[in-house]
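Report on the structure given below.
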Protein chains: 2
Amino acid sequence: MKTTTDYLALLKNLGLKATPKRLALLAVLEEEHRYLSPEEVWRKIRRRFKSLGLPTVYRNMEELERHGVISKVLHSNRQLYYYFCPKAGHHHHFVCMECRMVEDLPVCAVREMEKDIKRRIKGTVTSHVLQVNGFCGGCAGKQ
Amino acid sequence: MKTTTDYLALLKNLGLKATPKRLALLAVLEEEHRYLSPEEVWRKIRRRFKSLGLPTVYRNMEELERHGVISKVLHSNRQLYYYFCPKAGHHHHFVCMECRMVEDLPVCAVREMEKDIKRRIKGTVTSHVLQVNGFCGGCAGKQ
DNA sequence: CTGCGTGCAAAGTATTTGCAAACCG
DNA sequence: CGGTTTGCAAATACTTTGCACGCAG
């Protein structure tokens with residue numbers, strides 16, 4: 001749990017203005033500790049303001065993703081979902097398909113594969129996508 | 001390169017009717033050896049028939065993907081792209097961001113991570129997504 | 001024949017864009 | 001004050017759906 005001051009500093013470091021809407025967006029995403037779509041975020045915070053447009057939420061989430069504050073979650077319906085990403089540095093995520101909880105996975109096995117891959121493709125690797133799906137402890141029990 | 005007979009058998013095994021349109025779709029996807037969107041496939045084969053609807057291509061590609069004959073490629077624009085997947089069994093892909101070539105990666109690092117992951121999340125892992133992006137031998141040289 | 005496959009037209013809907021007004025620093 | 005940020009409305013465009021007809025097995 002972060003304080004408003006933390007978010008202020010976070011945004012300032014990125015050269016982004018700390019508007020009330022950005023702060024609310026960040027707070028909701030972090031509190032939930034689950035991935036949310038722009039519309040879901042919008043539903044959760046819109047009433048706190050006299051007006052809040054859905055495009056604003058889309059734009060802010062996209063911006064924050066570019067800066068690595070939040071990260072996209074892959075979903076089979078190919079819609080946009082984001083997760084507040086507390087961990088810095090390279091890592092990946094486990095995503096619970098039931099409750100949407102996301103957990104950081106500090107290990108990255110792809111790094112270890114890269115030498116093999118480079119030899120095989122005789123090219124360069126610039127990025128990779130990795131996400132592990134399943135059921136978290138709580139949800140696996142209920143199955 | 002497969003023959004029409006190969007595709008006939010392939011479709012039969014899946015319980016799908018071997019229509020001329022399905023055969024053309026499969027042949028194009030395999031020949032290209034690159035990922036293509038439904039619309040791109042449609043453009044390439046529509047003139048061979050007196051009529052061919054884009055929805056038909058969407059439906060067939062979705063169906064073939066379900067049966068594991070072709071596989072989805074992740075793209076930053078979140079549109080649908082498919083790749084004809086010659087390799088059977090569990091594997092992942094290297095995708096060239098320049099020429100769209102896809103190459104099978106027989107190694108799966110995630111399998112090795114799973115024990116670690118399961119301990120960490122105390123849940124169950126049901127699936128994972130892994131894709132390596134970069135530039136293939138030919139395209140890396142041109143950069 | 002008989003049920004899967006397809007064409008066509010139409011809907012759906014998440015996401016994006018443009019521009020003027022509001023606001024943070 | 002000056003450049004961001006936002007609201008609103010509208011557009012975009014990919015993808016999906018419904019239904020009647022046609023064709024593969």
Side-chain angles (χ1 to χ4, degrees), chain A residues 4-5 7-28 35-67 69-70 72-82, chain B residues 4-5 7-28 35-67 69-70 72-82:
Chain A
T4 303
T5 323
Y7 294 131
L8 282 168
L10 175 62
L11 291 171
K12 184 164 194 174
N13 287 337
L14 301 175
L16 298 174
K17 293 188 176 178
T19 66
K21 289 161 190 183
R22 281 200 176 124
L23 296 171
L25 190 162
L26 278 173
V28 163
Y35 67 81
L36 295 172
S37 69
E39 178 161 354
E40 287 165 337
V41 170
W42 178 65
R43 287 189 196 290
K44 283 177 183 293
I45 62 175
R46 63 182 298 196
R47 54 181 55 195
R48 302 186 200 168
F49 303 94
K50 72 176 193 302
S51 72
L52 172 59
L54 185 50
T56 296
V57 178
Y58 270 92
R59 286 183 287 228
N60 277 316
M61 293 181 91
E62 183 190 14
E63 182 88 40
L64 291 170
E65 197 266 343
R66 265 207 302 279
H67 287 88
V69 179
I70 64 182
K72 284 184 187 162
V73 168
L74 300 174
H75 197 286
S76 55
N77 67 10
R78 282 174 298 113
Q79 287 178 209
L80 282 173
Y81 293 99
Y82 294 98
Chain B
T4 304
T5 323
Y7 294 131
L8 281 170
L10 177 61
L11 291 171
K12 184 165 194 175
N13 287 337
L14 301 174
L16 298 175
K17 293 187 177 177
T19 66
K21 288 161 190 182
R22 280 199 177 127
L23 295 171
L25 191 161
L26 278 174
V28 163
Y35 66 81
L36 296 171
S37 68
E39 178 161 355
E40 287 164 338
V41 170
W42 177 65
R43 286 190 195 290
K44 283 177 184 293
I45 63 174
R46 63 182 298 196
R47 54 180 57 196
R48 301 184 201 171
F49 304 94
K50 70 176 193 301
S51 72
L52 172 61
L54 186 50
T56 295
V57 178
Y58 269 91
R59 286 185 284 227
N60 277 316
M61 293 181 91
E62 183 191 13
E63 182 87 42
L64 291 169
E65 197 266 343
R66 266 206 303 279
H67 288 88
V69 179
I70 64 181
K72 284 184 186 162
V73 168
L74 300 174
H75 197 287
S76 55
N77 67 11
R78 280 172 296 112
Q79 288 177 210
L80 282 173
Y81 293 100
Y82 294 97

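Values below: every heavy atom of this structure, side chains too, minus hydrogens, waters and symmetry copies. Every chain is numbered from 1, with letters handed out A, B, ... down the list of sequences.
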Query raised in the report: How does DNA chain D read in dot-bracket, base by base from 5' to 3', with Watson-Crick or G-U pairs under 3.5 Å and | used when the partner is on another strand?
Result: |||||||||||||||||||||||||

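Under 4.0 angstrom from either OP1 or OP2 of D/dA13 there lies no side-chain N or O belonging to B/Asn77. Regarding contacts with the backbone of C/dG7, a side-chain N or O of B/Lys21 is found under 4.0 angstrom from either OP1 or OP2. For A/Thr19 and D/dT5, the shortest distance from a side-chain N or O to OP1 or OP2 is not below 4.0 Å.
Residues B/Val28 and B/Arg48 have side chains in contact (heavy-atom distance under 4.5 Å, counting atoms from C-beta outward). In this structure, the side chains of B/Leu11 and B/Thr19 stay at 4.5 Å or more apart for every pair of heavy atoms. For the pair B/Asn60 and B/Val41, the minimum side-chain heavy-atom distance is 4.5 Å or more. Between B/Met61 and B/Leu80, the closest side-chain pair of non-hydrogen atoms is not below 4.5 Å.
Computed from coordinates, the A/Leu64 CG to D/dT4 P distance equals 16 Å when rounded to whole Å. One atom, CG of A/Leu16, and another, P of D/dG3, lie 17 Å apart when rounded to the nearest Å. When rounded to the nearest whole Å, the span between CE of A/Met61 and C1' of D/dT5 equals 17 Å. The separation between B/Leu52 atom CG and C/dA9 atom P is 15 Å, rounded to whole Å. When the P atom of D/dT4 is taken as reference, atom NE2 of A/His67 falls 12 Å away, rounded to whole Å. For the pair A/Leu23 CG and C/dC23 P, the interatomic distance rounds to 16 Å; values are reported in whole Å. In this entry the distance linking NZ of B/Lys12 with C1' of D/dA24 reads 12 Å, nearest Å. Rounding to whole angstrom units, CG of residue B/Asn60 and C1' of C/dG5 are separated by 8 Å.
Between A/Tyr81 and A/His75, the ring planes are tilted. Angles from 30° to 60° get that label.
Nearest to the side chain of A/Lys17, among C/dC24, C/dT6, D/dT6, sits C/dC24.
No more than 12 heavy atoms of other residues, nucleotides or ligands lie within 6.0 Å of CZ in A/Arg47, so this atom counts as exposed by the packing criterion.
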Report summary line: Counting primed atoms, P, OP1 and OP2 as sugar-phosphate and everything else as base, the B/S/- map of nucleotides 10-20 of chain C against protein heavy atoms under 4.0 Å is ----SSBBB--

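Remark: A/Leu36 CG to A/Arg43 CZ distance equals 12.0 Å, nearest 0.5 Å. Atom CD in B/Glu40 sits 9.0 Å away from atom CD in B/Gln79 (nearest 0.5 Å). To the nearest 0.5 Å, atoms CG (A/Leu16) and CD (A/Glu63) are separated by 5.0 Å.
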